[in-house]
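See structure below.
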Amino acid sequence: MKIKSLKICKLVIENLMKSICKYILQYYLKYLAKLVLAIYRPIVIAIAGSANKHFFKEQVKDRLISAGFSVRANPKDFNTEIGLPLAILDLPSGYHSYKKWWSIIWRSPLAFFKKLPQILVLELGVSNRGNMRYLLSLVNPKIAVITDITQRYLEAFDDMEELVDEYDYLVSQIDNDSLVILNHDNLKVRELTKKTKAEVCFFSLEGEASGQSGQSNFWSASIIKEEGKQQVKIWHQAKQQEYQINRPGDQHVCALLASLIIEEKTAKLSHD
Amino acid sequence: MFERTRNLQLSIIKQMEIRAVKYPDVISLAQGIPSFDTPLGIKRRVEKALARGVVAKYSLVPGLPELRELIEISLAQEKMFYDWQKEIIVTAGSIEGITAAILAITSPGDEVILLDPTYTSYKEVVSLADCQPIFVSLDESKNWGLNIGKLEKAITSKTRAILFCNPNNPTGTVLGKQQLLAIGELAKQHKFFILADEVYKDFLYNDEPFFSLAQEPGLRQWVIRFFSFSKSYAMTGWRVGYLHSDEKNTAEILKVHDSLVTCAPVISQYAAMGALEMGESDREGFKQEYLKRRRLMCSRLDKLKNIFEYIKPSSSYFVFPSFKQDSGGSWDFALELLDKARVAVVPGIAFGSNGENHIRLSFGRSQLDIEKAFDRLDKYFN
């Protein structure tokens, strides 16, 4: 009985220590990342949504690099309260190893001397209430993309509205001289336009059928699939252009659309 | 009664394990399972999912979307491009995926080509689907390579698929790119499926890049590829893996998968997410340890060269030596080793007639177990 109680005590103390360590680590990394951002002032592009953030992030990064910008994005899925500062500071994760974490913390001040690129493309992950508020206390995005809102991660929220509130908060925090890019095919995402004062651009897979492809803020696509490749026709301002994507899946077409919008807007930004 | 199961057999590996249980001091080199426990990071991921209360309900039939998305990302790193929404199905281990695929693509009476020697359960799955297994023997003198001419001769109008394990269990050898592309050409020409079970692809010891036919866009409608988390991440008990193919195929396989298991165990799907998110360094650690064990096992086999001859495995954690003893065959030889040396091995006949006169030894076991087992074999043979 006594041994059992001791074991439980040990477990409680271990978990408490772990929580305290995590808390200290989280805030240490947060303020370190904020300082580095304040010094180098990169343009932050936020990629948020329930699904496909990775593919959007990669597509946007590749397109901006091709356009001549210096760009970095989160490695893997570093998009949470600890992952995001690691992504900004370009540090690895120690995962569940104290030893690895010590070595990362030891090296972390070197991040001050590592110049940030012109643009950071950062996934923002939301799996609990208040996650977005916390992440936005760290970064101030110039452009925000909402990929999709689905029931994924809904378990931590009372209902869908509460989950949508997280994305509401994101678009409401984007300045009026900045840009929000929304998935027109998802009703919940489409409705976010009411919550922002920033310029809004939509992308859609419904192609000309949506009837809005002539609008300046509307980009749409239709797809022909063949042997894992996709021939994509993209409409914007009544003009049509063709692209080939060497992988299957609608998510890659959406990512292409978002990246084209960003390419156009960032070209303007750098021109201005 | 029992018409369907009449010709099925409990695998010889399982039979050997059951016999071995009767000897309390036995050392088993028979089991094809890693000696490691599931890495801590994966367990923590599962604990988190349990605490969030997300494991008690079914997932979608093809699996958790977040897991399938991770699988697409991981496949793309290996130059295999498949859509997580339509072309990836999370399965209850790779064998459930193989069963679902065979049931989906064949009709009773069809022929499925198997390589010989090959993993024991393939034959049973093919028989379960009322199909005929057709064996094409691998050539031991050519590093257990496949003679394409022999394969071509085995193809008939009834051939519906070829099913193989690459890297191969039990030989630990790997089919080369040219051989695989030749299989691909035959598949396109004769319109049969290629079922590629690649569960050992993370343990390659020659540092050559692994080639999969699933990397070939022109073959995607003919290739169905299977992977399991069991070996790479020491997760044999979790029973989770996945398959991927062109959406035309997965749409049909999904119906069978639904009727067999509804979905892969959700708790294991979270474990699989943990594996893909943070299991890379553990997997690499396992590989380094297997390399040491392979070296140890081969050096111990070298000391018994009057008994055994073997091809050094370039993958997996198996050696498949032939033996020079006069005996009644591999089954009797394995029983003798069990009875007299107290070492359990798998008789080669379990993997097909071409495996006769061989035994399969697993270096999935610890170095200490390998040392002890070979001390006993040394004593027995000397």
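Letters A, B, ... are given to chains in the order of the sequence lines, protein chains preceding strands, and every chain is numbered from 1.
Shown here for B:Asp83 and A:Asp250, the closest heavy-atom pair between the two residues is OD2-N, 4.5 Å. Nearest heavy-atom pair, A:Lys100 versus B:Ser281, reported as atom, atom and distance to 0.1 Å: NZ-OG, 3.9 Å. The two atoms that bring A:Lys76 and B:Glu277 nearest to each other are NZ-O, 3.6 Å, heavy atoms only. Minimum heavy-atom separation, B:Pro65 to A:Arg152: CB-NH2, 3.4 Å.
Interface residue A:Glu155: only side-chain heavy atoms are found under 4.5 Å from chain B. Residue B:Arg52 touches chain A through both its backbone and its side chain, counting heavy-atom pairs closer than 4.5 Å. If you measure heavy-atom distances from A:Thr150 to chain B, you find no contacts under 4.5 Å at all. With a threshold of 4.5 angstrom between heavy atoms, B:Glu216 does not approach chain A through any atom at all. Interface residue B:Glu69: backbone and side-chain heavy atoms are both found under 4.5 Å from chain A. Of the atoms belonging to A:Asn246, it is backbone heavy atoms, and not side-chain ones, that fall under 4.5 Å from chain B.
At least one side-chain heavy atom of A:Pro248 sits less than 4.5 Å from a side-chain heavy atom of B:Arg220. Using a 4.5 Å heavy-atom cutoff, the side chains of B:Ile73 and A:Phe55 are in contact.
Counting heavy atoms of neighbouring residues, nucleotides and ligands inside a 6.0 Å radius, atom NZ of A:Lys233 does not exceed 12 of them. Taking a 6.0 Å sphere around NZ of B:Lys43, one finds it holds more than 12 heavy atoms contributed by other residues, nucleotides or ligands. Around CD of A:Glu226, the count of heavy atoms belonging to other residues, nucleotides or ligands within 6.0 Å does not exceed 12. Within 6.0 Å of atom CD in B:Glu280, 12 or fewer heavy atoms from other residues, nucleotides or ligands are found, so the atom counts as exposed in its surroundings. Around the CD atom of A:Glu191, the shell of radius 6.0 Å holds more than 12 heavy atoms that belong to other residues, nucleotides or ligands.
We find the OH-CG distance between A:Tyr95 and B:Asp282 to be 10.5 Å, quoted to the nearest 0.5 Å. Remark: B:Glu72 CD to A:His54 NE2 distance equals 8.5 Å, nearest 0.5 Å. In this structure, CZ in B:Phe81 is found 9.0 Å from NE2 in A:His252, a value given to the nearest 0.5 Å. Annotation: the span from A:Arg247 atom CZ to B:Lys79 atom NZ amounts to 12.0 Å, rounded to 0.5 Å.
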Derivation of the side-chain hydrogen bond (donor to acceptor under 3.5 Å, both in side chains) call for B:Gln221 and A:Glu227: CA-CA 8 Å; B:Gln221 62 168 312; A:Glu227 283 190 340; 5.2 Å; no
